[in-house]
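Only a predicted model underlies this, so the values are computations on that prediction, with no experimental measurement involved. Below, chains carry the letters A, B, ... as their sequence lines are ordered, and counting in each starts from 1.
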Amino acid sequence: MLHPIRKSLRLMTAATLLLSTSILSPRFASAKAEGAKIVILTVSQECEYCAIHQRSFLEAAKAAGLTVDTKINNFDPATQATQVDQVIAQKPDAIVLWPSDASAIVPSLRKIKKAGIPLVITNSMPDKKYSEYWDVYTGPNDTGNGEQAAKAMIRGFTEKGFGAAGTVFVIEGVPGTPPQIQRLEGFKKTLEKEAPDIKIVGVQPGNWDQTKSTEAAAALFTQHPDVKGVYAQADNMLAGVIVAAQRAGLDPSKVVLVGSNCSIEGVHAISAGTQYATVLQSPVDDGRYAAEAVVDLLNGKKGDPIRYLPNPIVTKENLPEYVDKIGMK
Amino acid sequence: MRINRIHFQFFLAAAIVMLFSFSAPHFLTAGNLFALMQAFALLGLLTLALGLTMIAGEFDLSVGSMVSLAGLCAVKLGQENPFFGVAVAAGLGIVIGLANGILFRALRISSLVVTVGTMIVLTGLSFWIAGGRVVSYENLDVADWLEKSILFALSPRSLITLLVFVLAWLFLGQTKIGRDIYATGSHRLAAEAAGARVTFTLILVFALSGCISAVAGSLLALSLATASATLGDNLMLQAASAAILGGVALSGGIGSALGMALGAFTLSALNNGLSIMGANSPTILLSNGLLLLGVVLFDSMTEQRGKRIFRLKQGHS
């Protein structure tokens, strides 16, 4: 019979051995994300999209066992720059960053790179020439969203019996913002290529704002009463377009109205039949993709450095499939 | 008779630093103090720019819009040589400040009204120059240099701010024109009667305010390697809060360079600490507001007490 002390010593040795092999074995090495401390620098929790993004991110990050610290800057690039200094001092295992300004963030990205902290950029991609400063980008592909909007427009023209010819106008976001530029570019190019006889007769800024869009659309409906379709770069702006169309005596369901994002305004208008289609950009996907990317980075999985969100065309037929993607709980 | 406001200031700043060094991990690390000083570098200069006009009994509402315009100017014109960009921006700040001062003295109207006008003009100019876009600065080495830690928690940018505060301290406390600023702010007619050059003093104060905000804006834009027409939004209110925290009286004639520096530091420390603790923007806003209200309450109480003592003394004499 073994002496009790020796017995427990043996047990301890065995346990240590078991523990060390389990830490070193490849099966367990993939769980490095578990317990990791990360920081997310985000823009706001007051904007609805941002709030759903954050909620979805936290859910996925917590499920993977991450400890998350959140910093919010209220869309202020100077504040975000100081927050980056602050976060580098905290030495987290990884950083997830939603740039409040895709240009002003570049010097901060260089600092993070220099500090050697793994970095995921979410939602807004800085200029691709700086891609060496981050590890993964997850978020929307705005050019792709514009292309999808053009495809929806072409499909709507056929369905509503206009063939592949007629005029449309565009209500765009704040001029100079990346989604405004890229969505318009994708929309224009795809129309030129796939339906050259559908002509854009006017582009006016609606500044991501419903009231501003109503005014802009009212002017364009007066100038072009025979227009067959409208592309608004966000569903809330398209809601303004619908108001303007009704005031101008047009039946919105008789023209092809295409929005973007599949936000709550779009869901309502598509159900009501006043809006023809939208292009999905889900805040639920946006937050979850960022969390998955940071887990991959921590686990040493390379994966795709650019991960775009799915952006299917949503119409009345397939709307029920996407209701959970808009984050309305 | 006034309770020594500077002692109160030191106490307040120390209390906030103590509070966060216990409750927020990493608050007292070199890296975080660096982040704190970077925020101070911007807010400090703007507090000084606005505070100088407040000491002279006026108010320069255009400091925030000056930041945006100066940033655009420095980034657009300084692509080859950043010093040239900053110099042109500072010159522009002086010109606009002179215009502010001359206009409000010549028209005999409140500086608030004139600077509201300038603020709108400058914002319009900025949108026109930027063309509604964000302007990037290609030479990222400039940003790296401005944001480099060279002396413990200090960068060239925060050192510049500290240097400007030392100059302001010498200027306000040690020169005749400095004393004229206080006199102009507290008893303008008496100052005039005593031979102070009130108009000259006021115009100079606005030129300084324009110049300092322009330097703040151009350094901020270069360190972000970006300028836009909205860069200076929201800064005006923060600078006003820091100046009031720093003991500058809205009624004029009261305030000091050290007080303003402490005011800006206190506000930066509060926001830094709250940010470490993961506070959201409404909480940060609320805390800033409550701190400001608390200090204003303290000021009014000490002032009332001062007046009572003054009356008592008069009664006895």
Derivation and outcome, side chain to side chain contact (heavy atoms under 4.5 Å, CB included), residues B:F265 and B:L36:
CA-CA 8 Å; B:F265 176 83; B:L36 166 54; 4.0 Å; yes

For B:L92 and B:I96, run side chain to side chain contact (heavy atoms under 4.5 Å, CB included): C-alpha distance rounded to whole Å, both residues' side-chain angles, the deciding distance at 0.1 Å, then the answer.
CA-CA 6 Å; B:L92 184 70; B:I96 288 163; 3.8 Å; yes

Contacting moiety of [X], where chain A heavy atoms sit under 4.5 Å:
X	value
B:I276	both
B:A143	side chain
B:L220	side chain

Are there any donor-acceptor pairs closer than 3.5 angstrom between chain A and chain B, and if so, which ones?
{"residue": "A:K71", "atom": "NZ", "partner": "B:S275", "partner atom": "O", "Å": "2.9"}
{"residue": "A:K71", "atom": "NZ", "partner": "B:I276", "partner atom": "O", "Å": "3.4"}
{"residue": "A:Q86", "atom": "OE1", "partner": "B:S275", "partner atom": "OG", "Å": "2.9"}
{"residue": "A:Q86", "atom": "NE2", "partner": "B:N32", "partner atom": "OD1", "Å": "3.2"}
{"residue": "A:Q86", "atom": "NE2", "partner": "B:N272", "partner atom": "O", "Å": "2.9"}
{"residue": "A:Q86", "atom": "NE2", "partner": "B:N272", "partner atom": "OD1", "Å": "3.0"}
{"residue": "A:S103", "atom": "O", "partner": "B:T226", "partner atom": "OG1", "Å": "3.3"}
{"residue": "A:S103", "atom": "OG", "partner": "B:S136", "partner atom": "OG", "Å": "2.8"}
{"residue": "A:S103", "atom": "OG", "partner": "B:T226", "partner atom": "OG1", "Å": "2.7"}
{"residue": "A:A104", "atom": "N", "partner": "B:T226", "partner atom": "OG1", "Å": "3.0"}
{"residue": "A:R110", "atom": "NE", "partner": "B:D144", "partner atom": "OD1", "Å": "3.4"}
{"residue": "A:R110", "atom": "NE", "partner": "B:D144", "partner atom": "OD2", "Å": "3.3"}
{"residue": "A:R110", "atom": "NH2", "partner": "B:D141", "partner atom": "OD1", "Å": "3.4"}
{"residue": "A:R110", "atom": "NH2", "partner": "B:D144", "partner atom": "OD2", "Å": "2.4"}
{"residue": "A:K111", "atom": "NZ", "partner": "B:E147", "partner atom": "OE1", "Å": "2.6"}
{"residue": "A:K129", "atom": "NZ", "partner": "B:E138", "partner atom": "OE1", "Å": "3.2"}

For A:D286, what residues pass the salt bridge (charged side-chain N to carboxylate O under 4.0 Å, His left out) criterion, not counting sequence neighbours?
none

If you tally heavy-atom pairs under 4.5 Å against chain A, which of B:V135, B:L140, B:L33, B:L235 wins?
B:L140

If we define contacts as heavy-atom pairs under 4.5 Å, which of B:A30, B:A39, B:A35, B:A225 has the most with chain A?
B:A35

With sequence neighbours left out, the residues meeting side-chain hydrogen bond (donor to acceptor under 3.5 Å, both in side chains) with A:S263 are A:E265

Residues that B:L237 engages under side-chain contact (heavy atoms from CB on, under 4.5 Å), provided they are two or more places apart
none

Could you walk me through whether A:F187 and A:Q233 satisfy the side chain to side chain contact (heavy atoms under 4.5 Å, CB included) test, starting with their C-alpha distance in whole Å, then the side-chain angles of each, then the deciding distance to 0.1 Å, before giving a yes or no?
CA-CA 10 Å; A:F187 184 75; A:Q233 291 183 329; over 6 Å; no

Going through the checks in order, is the side chain to side chain contact (heavy atoms under 4.5 Å, CB included) test met by A:V87 and A:I117?
CA-CA 10 Å; A:V87 169; A:I117 304 170; 5.8 Å; no

Backbone N or O of A:N123 within a donor-acceptor pair of the A:Y137 side chain at under 3.5 Å?
yes

Out of A:I326, A:D235, A:N236, which residue meets the side chain to side chain contact (heavy atoms under 4.5 Å, CB included) rule with A:I264?
A:I326

Hey, which of A:A81, A:A104, A:A89 has the most heavy atom pairs under 4.5 Å with chain B?
A:A104

